[in-house]
Amino acid sequence: MMTKDRLLAVLERWEPVIGLEIHTELTSTRTKMFCGCPVAFGGEPNTRVCPVCLGLPGALPVPNAYAIEQTVLAGLATGCEIARRSLFHRKQYFYPDMPKDYQISQYDLPFCAGGEVTVEIAGEAASQRKEGGVDEERRVRLTDVGYNARIGITRIHLEEDTGKMVHVGGSEGRLAGATKSLVDFNRAGTPLIELVTEPDIRTPAEARAFAQKLRLIWLTLGISDCNMEEGSMRVDANVSLRRRGESEFGTKTEIKNMNSFKSLHDGLAYEIVRQAEVLESGGRVVQETRHFDAGAKRTSATRSKEEAHDYRYFPEPDMVPFEFDDEFIERVRARLPELPDARKMRFVEEWGLPPHDASVIASDLEMAEFFEAAVNIGGPERAKAVSNVMLNDLSAHLNARGIALSESRIVPSMVVELVELVEAATISSKQAKEVFADMAETGDSPAAIVEIKGMRQVSDTGAIEAVVTRILDENPNKVEEYRAGKTGLIGFFVGQVMREMGGQANPKVVNEVLARMLEG
Amino acid sequence: MSLSEEEVRHVALLARLALTDEQVETLGAELNSILGHIDAIQQLDLADVEPTSHAIPMVNEVRADEPRPCLSREDALRNAPMAQDGAFVIPQIVGPGGDLS
């Protein structure tokens, strides 16, 4: 079993060099890349197919204008240069999920190239970063417990997705042992962008943070649903090791089948330790593709699709080249929404959130939108209080239930109302926790819950004084001890008063009244 | 430039063509004749010439992102040698496909 400590020990001696290839289906298009069949997930097999996506002879593929715009948008959002001139190429290989026996893709003239994305690594994840790398300048230390890493984007190109195969006769749909395969071409031809990073990533945690950041950017742009379980976002990684301080690259392996962020992290962690063991025992890393098994937490070599990767790319003759002018690029740029980094800055600078809180909220699109809506209702002066409720009660609630924010019964106005009730001292912050649990359960408004449960906090000094008087009368010994200097007993008195009042007394007022009456 | 017999067999394998020895010889000669023409072009000084990928001077041919009717599943599967549960059936996939001989 791979332990965290083993990875950290390996990282002391070896520096991993990691590059990612991230495929994302542009699920935001209505139709496929080169034909008018609808883009959707699942459904009865082969019900969204036509001569083009089945690769029938004589069919003419025509590029989807919107898919190209979405790709350019992705490029602009990741700091890429948009190619003035580009074209599609044919990539040729045989596999039954690809009916034409070639994939229409891009080769040396992709739509986007040369971008950069910055990821923030904080907390425990930052401990994987060791000193002694040769490109430290790409990593900027933020605080004692975190740093920013700049990851270069080599390119983003547009291509078509393949069909799906179910292997029959083996175990659990795996190819090994299968006697035949069933092919469904509903997915074939779905617009697919492939983003390739520079080999700038140095730890599994950075790889995971990059993939998460990219997903957040894609979701913010609305180009894809980025559903990793359904395969609309798929991450492959290349990794090699070199001794700390060296700049030469070692031999790399490619890891596939990491279909969650956790798998991406764990797959890389496993592979780094495996390569270190091979190298330290005097062996050599074999350049190969390895399959990650998330259950067994290990990678194993796979047989390659093609004996030699001889794709024989050539310009796609069915399509003419593309020339993008300033007007086109600026028109797409105008569609750029506020991106996550800018949003985080705004939360800090305009709404006064602590940077860490702003990071956490801005790193989740649903949380960010919920927060914005709540602040728009409640006003910027309540931003901090709203974010506290979200980061504590709301997050705990979602984690406990294992649900997404959109699946919960909480809406922004409810959080604002809760904050206002505490602010007006109608309820205490302790009571607010109870109200939150209730509203998460029922979807009722906080005010209604406070009303129904009669939870109003008592701030009326007269009522509290009456209770305090009784408590002091009932505990003459304790009062004497307090007055003799045992002031720690204040906690005892507060507890008594609160219990007497069913937890509804305003703790601030109780403390004031007690202090005054005990002195007197 | 000239292709060896081995290279002809390799290209045939990549294209999944099972060639007889005679065909390797005939096709080899034909391919070499085509490559001869390309050799002639390569004699020219083309340093300042943009590569031509398409013969027609057109760019940006696209279609709007609008759905069009699909084939019925019956029609889609009509030419399939084998079908099951609405899917195309393909025989067992073995190895990397290097066994065409």
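In the text below, chain A, chain B and the rest are named by the order of the sequence lines, each starting its count at 1. None of these values were measured; they are calculated from a predicted model.
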Other residues, nucleotides and ligands only: do more than 12 of their heavy atoms fall within 6.0 Å of [atom1] on [X]?
| X | atom1 | result |
| --- | --- | --- |
| A:Glu330 | CD | yes |
| A:Asp108 | CG | yes |
| B:Glu25 | CD | no |
| A:Lys252 | NZ | no |

With a 4.5 angstrom heavy-atom cut-off, could you sort out which part of A:Pro317 is near chain B: side chain, backbone, both or neither?
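Backbone of A:Pro317 only, per the 4.5 Å heavy-atom cut-off to chain B.
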Portion of A:Cys35 that has a non-hydrogen atom of chain B nearer than 4.5 angstrom
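Just its backbone gets close to chain B.
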What distance do [X] atom [atom1] and [Y] atom [atom2] have between them, rounded to the nearest 0.5 Å?
| X | Y | atom1 | atom2 | answer |
| --- | --- | --- | --- | --- |
| B:Leu71 | A:Leu56 | CG | CG | 7.0 Å |
| A:Glu316 | B:His54 | CD | NE2 | 7.0 Å |
| A:Tyr95 | B:Ile90 | OH | CD1 | 7.5 Å |
| A:Lys180 | B:Gln84 | NZ | CD | 4.0 Å |

Using a cut-off of under 4.5 Å on heavy-atom pairs, state which of A:Phe324, A:Phe34, A:Phe328 scores highest against chain B.
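Answer, by heavy-atom pair count under 4.5 Å with chain B: A:Phe34.
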As an exercise: rank A:Cys50, A:Pro51, A:Pro45, A:Pro315 by heavy-atom pairs under 4.5 Å with chain B and give me the winner.
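Max contact count across the listed options: A:Pro45.
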Report which part of B:Glu50 has an atom under 4.5 Å of a heavy atom belonging to chain A: side chain, backbone, both, or neither.
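For B:Glu50, side-chain heavy atoms alone lie under 4.5 Å from chain A.
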In terms of heavy-atom proximity below 4.5 Å to chain A, should B:Pro91 be classed as side chain, backbone, both, or neither?
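Only the backbone of B:Pro91 comes within 4.5 Å of chain A.
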Measure the shortest side-chain to side-chain distance between B:Cys70 and A:Val49 over non-hydrogen atoms and say whether it is less than 4.5 angstrom.
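Contact flag for B:Cys70/A:Val49 side chains = no.
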Pair B:Arg16-A:Asp101, side-chain contact (heavy atoms from CB on, under 4.5 Å): steps then yes or no
CA-CA 10 Å; B:Arg16 297 300 183 274; A:Asp101 293 335; over 6 Å; no
Once salt bridge (charged side-chain N to carboxylate O under 4.0 Å, His left out) is applied, what residue pairs with a partner in residues 55-69 of chain B remain, sequence neighbours excluded?
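Residue pairs passing salt bridge (charged side-chain N to carboxylate O under 4.0 Å, His left out), neighbours aside: none found.
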Toward chain B: residues of residues 81-89 of chain A with heavy atoms under 4.5 Å
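Interface residues of residues 81-89 of chain A: A:Arg85, A:Leu87.
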Closest non-hydrogen atom pair between A:Val320 and B:Asn60, with its separation
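Looks like CG2-N, 3.9 Å.
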For chain A, which candidate among B:Gly86, B:Pro69, B:Pro67, B:Pro57 shows the most heavy-atom pairs at distances under 4.5 Å?
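With the most close heavy-atom pairs to chain A, the winner is B:Pro67.
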Could you tell me which residues satisfy side-chain contact (heavy atoms from CB on, under 4.5 Å) with A:Thr47, sequence neighbours excluded, listed by chain and number?
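Listed in chain order: A:Glu44, A:Asn186, B:Arg73.
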Please enumerate all residues that pass side chain to side chain donor-acceptor pair (under 3.5 Å) together with A:Lys91, with sequence neighbours excluded.
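Side chain to side chain donor-acceptor pair (under 3.5 Å) list for A:Lys91, sorted by chain: empty.
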A:Val168, A:Asn46, A:Leu182 screened by side chain to side chain contact (heavy atoms under 4.5 Å, CB included) with B:Asp85, the one that passes
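Among A:Val168, A:Asn46, A:Leu182, the one that satisfies the side chain to side chain contact (heavy atoms under 4.5 Å, CB included) with B:Asp85 is A:Leu182.
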